[in-house]
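Heads up: the structure comes next, in structure tokens.
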Amino acid sequence: MIRDNLTQIFDTVIQTAINCGRNPQEIKLVAVSKGMGVDQIGQAIDCGQTLFGENYLQEASEKIRHFSQKISWHFIGHLQSNKARLTAELFDVVETVDSLKVAQALDKHAKSLNKDLSILVQVNTGKEKQKSGVLPEETEQLLRQIAQTTNLRILGLMTIPPYFSDPEKSRPYFKALKNLADRLSAQQLFMDNNQIELSMGMSGDYQVAIEEGATIIRVGTALFGNRIPHALDQQGA
Ligand SMILES: *Cc1c(COP(=O)(O)O)cnc(C)c1O
């Protein structure tokens with residue numbers, strides 16, 4: 001089933017990209033494996049998937065240590081600066097940096113680990129009170145501050161729009177993230193201003209996200225099937 005789902009998702013990604021004039025190879029699939037066990041992750045690895053996303057540190061650390069294969073792990077959950085050491089240690093890309101405090105904590109530990117840590121800055125494009133992410137109008141300042149750190153590489157931006165059952169309703173938020181990234185890249189605020197990563201789109205709306213410029217889509221349910229909600233999910237990602 002995971003194999004069929006993966007094939008189906010890649011077919012959709014390729015078709016959607018071609019239909020909107022994009023190169024399908026610019027789009028990476030983060031397989032969101034929260035709530036899934038090492039057997040399911042192993043099945044996806046057997047199908048060639050090498051990029052996974054996890055939300056909860058404790059759950060992730062057990063799984064990450066289990067695999068010796070070369071896998072890239074993205075942290076996509078809510079970040080806490082008191083857990084920055086483990087986050088910097090376990091993950092290749094941290095997608096949810098949204099404050100200077102968290103960035104500085106990650107930088108400090110990346111430095112002590114002798115590691116250049118890739119990050120995305122999470123933007124609260126919907127300006128939802130309960131949601132993580134820096135406000136769009138405060139993003140430039142945060143990027144300028146993070147630029148002062150030594151071991152963080154800002155690859156791009158990430159967003160989780162407000163939830164709608166109709167994926168078309170996510171479109172304005174994806175457009176807003178793309179516009180913001182274009183503006184900030186004109187000011188040379190990313191590591192590679194010609195190739196900015198935009199992480200947007202989940203199971204329900206990744207096609208719309210691709211049409212609006214996503215380079216990273218984060219897909220869980222459409223790949224692994226339904227999961228039992230984590231207690232922390234209620235707090236809003
Ligand atoms: C859980 C999660 C996803 C995947 O959601 P699905 O709807 O299952 O595809 C993507 N991004 C983040 C930040 C998540 O927490």
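Every heavy atom of this structure was used, including side-chain atoms; hydrogens, water molecules and symmetry mates were not. Counting starts at 1 for both ligands and their atoms, following the listed order.
Between the side chains of Asp205 and Ser170, a donor-acceptor pair is found at a separation under 3.5 Å.
Through chains of ILVMFWY side-chain contacts below 4.5 Å, Ile18 is grouped with Ile14. Connectivity analysis of hydrophobic side chains (ILVMFWY, heavy atoms under 4.5 Å, direct or indirect) links Met1 to nothing; its cluster partners are none.
Less than 4.0 angstrom separates some heavy atom of Arg218 from each of these atoms of ligand 1: 4 (C), 9 (O), 10 (C), 11 (N), 12 (C), 13 (C). With ligand atoms numbered from 1 in the order given, ligand 1 contributes 9 (O) to contacts under 4.0 Å with heavy atoms of Val219. In summary, the atoms of ligand 1 found under 4.0 Å from a heavy atom of Lys34, numbered by their order in the structure, are 1 (C), 2 (C), 3 (C), 14 (C), 15 (O). Close contacts of ligand 1 with Asn55, meaning ligand atoms under 4.0 Å from a residue heavy atom, involve 14 (C), 15 (O). Proximity to Thr221 (heavy-atom distance under 4.0 Å) selects the following atoms of ligand 1: 6 (P), 7 (O), 8 (O), 9 (O).
Considering backbone and side-chain N/O of Met158, none are found under 3.5 Å from N/O of ligand 1.
Only the side chain of Ile160 comes within 4.0 Å of ligand 1, counting heavy atoms alone; its backbone N, CA, C and O stay farther away.
Side chain of Asp107 to main chain of Thr150: a donor-acceptor pair is present (N/O by atom type, distance under 3.5 Å, no hydrogens or angles).
Residue contacts with ligand 1: Glu95 is excluded, as none of its non-hydrogen atoms falls under 4.0 Å.
Salt bridge annotation for Arg22-Glu212: absent, with no cationic side-chain nitrogen under 4.0 angstrom from a carboxylate oxygen.
Surrounding CD of Gln69 are more than 12 heavy atoms belonging to other residues, nucleotides or ligands, all under 6.0 Å away.
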